[in-house]
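Below, read A as the first sequence line, B as the second, and so on, with proteins coming before strands; counting in each chain starts at 1.
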Protein chains: 2
Amino acid sequence: MGDPETMNKIETRVWTSDTVVADLERAIHEHRLPPGTKLGEDELAEAYGISRTIVRAALLALSHRHLVELKRNRGAFVAQPSVREAREVFEARSLLEPRTAHSAALRMTEAELTRLRSNIREEHAALDAGENGRALLLSGQFHVEIARIADQSTIEAFISQLISRSSLIIALYWRRRAALCETQAHHALLDAFANRDAALAEQLMKSHLLDLVASLDLRNVTQPPMSLREALQR
Amino acid sequence: MGDPETMNKIETRVWTSDTVVADLERAIHEHRLPPGTKLGEDELAEAYGISRTIVRAALLALSHRHLVELKRNRGAFVAQPSVREAREVFEARSLLEPRTAHSAALRMTEAELTRLRSNIREEHAALDAGENGRALLLSGQFHVEIARIADQSTIEAFISQLISRSSLIIALYWRRRAALCETQAHHALLDAFANRDAALAEQLMKSHLLDLVASLDLRNVTQPPMSLREALQR
DNA sequence: GCCGACATAATTGTATACAAAGTTGTGCTA
DNA sequence: TAGCACAACTTTGTATACAATTATGTCGGC
């Protein structure tokens with residue numbers, strides 16, 4: 001594919017294992033790299049202008065977060081969560097996020113409220129601009145931000161992972177319907193936070209997650225591939 | 001240090017990244033590798049009879065589980081959770097494990113009950129034999145087994161990680177007192193499971209975790225090192 | 001005698017070479 | 001022509017060589 005210039009990322013930046021992980025995770029979260037996409041080591045190494053060593057470390061990290069599936073002697077692929085895994089992810093979220101929202105409501109400061117408000121605003125703007133991937137990323141960041149405000153970095157790390165995996169789940173199982181319900185739920189949560197109503201925030205988060213699961217098509221039919229690309233690469 | 005034979009692991013076994021991770025994780029969990037221990041790459045590579053490539057992958061995996069801390073250009077060390085991190089780990093456990101015990105109670109079969117009973121028996125035997133490390137490992141496996149029975153592999157993975165980290169926390173902050181309370185709590189849980197009393201199991205797990213935190217000395221004094229070895233290697 | 005700078009050694013970070021496994025394409029046979 | 005076997009190619013797995021960074025030990029100056 002042409003000369004290296006065309007496929008390289010920003011030339012000046014130094015890519016380390018962590019920055020490559022962040023870059024790939026973002027791309028996955030935004031659905032620029034859909035589930036099942038092959039992530040060849042040489043391909044990535046050339047794209048980032050680094051050696052396979054760093055790429056492998058990044059892919060290993062992503063596989064530990066269940067965003068990438070490593071098949072021995074076959075390569076790395078963007079993960080394709082099963083229906084089972086999808087249910088499990090949202091089960092885990094339902095255990096973690098409502099209580100975390102509760103804690104966050106009690107610790108919320110004005111500055112943090114402002115941050116959340118601007119997040120919702122950006123998400124809205126992205127939706128209006130038709131940038132669905134970016135909107136989904138921002139929507140996820142809203143949830144992670146709440147965990148951060150709760151000041152529980154361990155739980156935050158779990159939630160962050162679950163949110164990323166949720167993005168893959170949405171890519172696979174989302175049934176196109178109302179896209180606005182998301183931001184509405186976030187608005188409601190924000191009001192609860194603004195009023196420091198922890199109990200309400202907890203309840204709203206719980207409902208929000210149930211709504212999310214309900215908006216998925218988790219019947220076992222058409223389970224694994226859902227795209228012809230997968231049919232040939234597995 | 002002498003000829004390679006003396007420091008090698010079992011010669012016949014083929015060590016892969018995953019098996020090395022499991023081996024090291026077990027050693028950490030059993031306190032054979034106490035917090036702060038330097039894990040040199042060449043040292044490990046020679047011990048396992050593999051190259052540094054595999055060792056690095058293993059250390060990377062362990063760092064993602066927060067069992068090993070990687071300091072750039074300094075090396076890998078068995079993690080030393082801060083008081084803050086200790087509190088966070090048990091906060092996360094308190095969100096995950098009680099509900100998981102609830103689910104497990106509803107799904108418990110006779111075979112699984114037998115497994116849990118034998119686990120408690122082995123833990124008792126280990127304690128009697130003075131093998132505290134092994135007892136701690138078995139105690140942790142009891143909790144992970146419950147998550148497995150609940151049939152939620154995603155939550156199980158989180159709990160498994162938290163249990164391993166708890167082992168480090170116990171190594172650092174355990175205040176020597178009653179050592180038997182552990183097995184008593186597990187016995188009580190077992191009875192609840194045997195009676196399929198999900199509500200009771202949930203409550204018992206909640207109490208058990210509170211007792212565990214209470215048995216730790218999480219005052220901020222003497223926080224980081226706690227051993228002279230650390231004083232010089234950081 | 002104590003402190004700082006420089007040289008040396010040890011350890012980790014990265015790239016690359018080679019080996020192993022898998023995939024694909026071709027040609028032979030039935 | 002369909003199916004199988006073999007060979008060439010591609011991609012990943014592992015080891016190792018080299019570079020960069022940090023730690024250590026020594027020497028000289030104050």
Side-chain angles (χ1 to χ4, degrees), chain A residues 1 4 7-9 11-24 33 36-64 67-79 225 228-234, chain B residues 1 4 7-9 11-24 33 36-64 67-79 225 228-234:
Chain A
M1 332 175 164
M7 64 187 326
N8 275 6
K9 293 264 174 175
E11 299 291 326
T12 55
R13 181 163 182 185
V14 284
W15 289 98
T16 177
S17 169
D18 292 329
T19 58
V20 172
V21 167
D23 197 62
L24 286 175
L33 292 174
T37 306
K38 167 93 189 250
L39 300 172
E41 297 185 359
D42 273 323
E43 200 174 356
L44 290 173
E46 199 170 356
Y48 287 105
I50 54 183
S51 80
R52 278 175 50 213
T53 306
I54 314 289
V55 171
R56 281 179 75 85
L59 292 175
L60 201 57
L62 290 169
S63 79
H64 292 142
L67 295 183
V68 159
E69 194 179 348
L70 297 179
K71 304 182 184 178
R72 183 169 178 89
N73 290 319
R74 298 281 310 278
F77 302 83
V78 177
L228 59 129
R229 166 198 287 135
E230 242 311 288
L232 58 135
Q233 84 184 357
R234 94 151 33 190
Chain B
M1 334 179 165
M7 65 187 323
N8 274 4
K9 293 263 175 178
E11 298 292 327
T12 56
R13 183 163 181 187
V14 284
W15 290 99
T16 176
S17 170
D18 292 330
T19 58
V20 171
V21 167
D23 197 61
L24 286 175
L33 292 174
T37 306
K38 166 95 191 243
L39 300 172
E41 295 184 358
D42 272 322
E43 201 174 355
L44 290 172
E46 199 170 356
Y48 287 105
I50 53 182
S51 80
R52 279 175 50 210
T53 306
I54 314 291
V55 172
R56 281 180 75 85
L59 291 175
L60 201 57
L62 289 169
S63 80
H64 292 142
L67 296 183
V68 159
E69 193 180 347
L70 297 179
K71 304 182 184 178
R72 184 169 179 90
N73 288 318
R74 296 281 312 276
F77 302 82
V78 177
L228 59 128
R229 167 198 285 132
E230 244 309 292
L232 58 135
Q233 84 184 353
R234 93 154 31 193

field: Contacts of B:Ala79 that satisfy side-chain contact (heavy atoms from CB on, under 4.5 Å) - sequence neighbours left out
entry: B:Leu168
query: Would you say C:dG13 has OP1 or OP2 under 4.0 Å from some side-chain N or O of B:Lys71?
result: no
- prompt: Does any non-hydrogen side-chain atom of A:Val20 lie less than 4.5 Å from one of A:Asp23?
  reply: no
- line: In this structure, CG of A:Leu62 is separated from NE2 of B:His64 (nearest 0.5 Å) by 8.5 Å
task: Quickly work out the A:Leu39 CG to D:dT11 C1' distance and round it to whole Å.
output: 14 Å
B:Leu39 side chain reached by B:Leu33 side chain, heavy atoms, under 4.5 Å: yes
Using atom names, set out every protein N or O paired with an N or O of nucleotides 18-22 of chain C below 3.5 Å, distance rounded to 0.1 Å.
from, atom 1, to, atom 2, distance (Å)
C:dA21, O3', A:Asn73, ND2, 3.3

field: side chain to side chain donor-acceptor pair (under 3.5 Å) involving B:Ser51 - partner list, sequence neighbours excluded
entry: B:Thr53
task: Specify the residues of residues 53-63 of chain B, ordered by number, for which at least one heavy atom lies under 4.0 angstrom from an atom of DNA chain C.
output: B:Arg56
- request: Round to the nearest Å and state the distance from A:Asp42 atom CG to D:dC9 atom P.
  value: 17 Å
message: If I take atom CG in residue A:Leu44 and atom C1' in nucleotide D:dT11, what distance separates them, rounded to the nearest angstrom?
response: 13 Å
message: In whole Å, I'd like the distance from the CG atom of B:Leu70 to the P atom of D:dT22.
response: 16 Å
statement: Value for CG (B:Leu44) from CG (B:Leu59), rounded to nearest 0.5 Å, stands at 6.0 Å
message: Would you say that A:Ile54 contacts A:Tyr48 through its side chain, given a criterion of any heavy-atom pair below 4.5 Å between the two side chains?
response: no
message: What's the separation between atom NZ in B:Lys38 and atom NZ in B:Lys71, rounded to the nearest 0.5 Å?
response: 9.5 Å
All N/O pairs under 3.5 Å across the protein-nucleotides 5-7 of chain D interface:
none

task: Let me know the distance between CG of B:Asp18 and P of D:dG13, rounded to the nearest Å.
output: 12 Å
field: Residue whose nearest DNA chain C nucleotide is more 5′ - B:Gly40 or A:Ser51
entry: B:Gly40
message: From CZ of A:Phe77 over to P of D:dT11, roughly how many Å is that when rounded to an integer?
response: 11 Å
message: How close do B:Val21 and B:Ala61 get, counting heavy atoms only, and between which atoms?
response: CG2-CB, 3.9 Å
Close side-chain approach of B:Thr16 to B:Val14, heavy-atom, < 4.5 Å: no
Set of side-chain contact (heavy atoms from CB on, under 4.5 Å) partners for A:Arg56, sequence neighbours left out: A:Glu41, A:Arg52
- prompt: In whole Å, what is the span from the CD atom of A:Glu46 to the C1' atom of D:dT11?
  reply: 14 Å
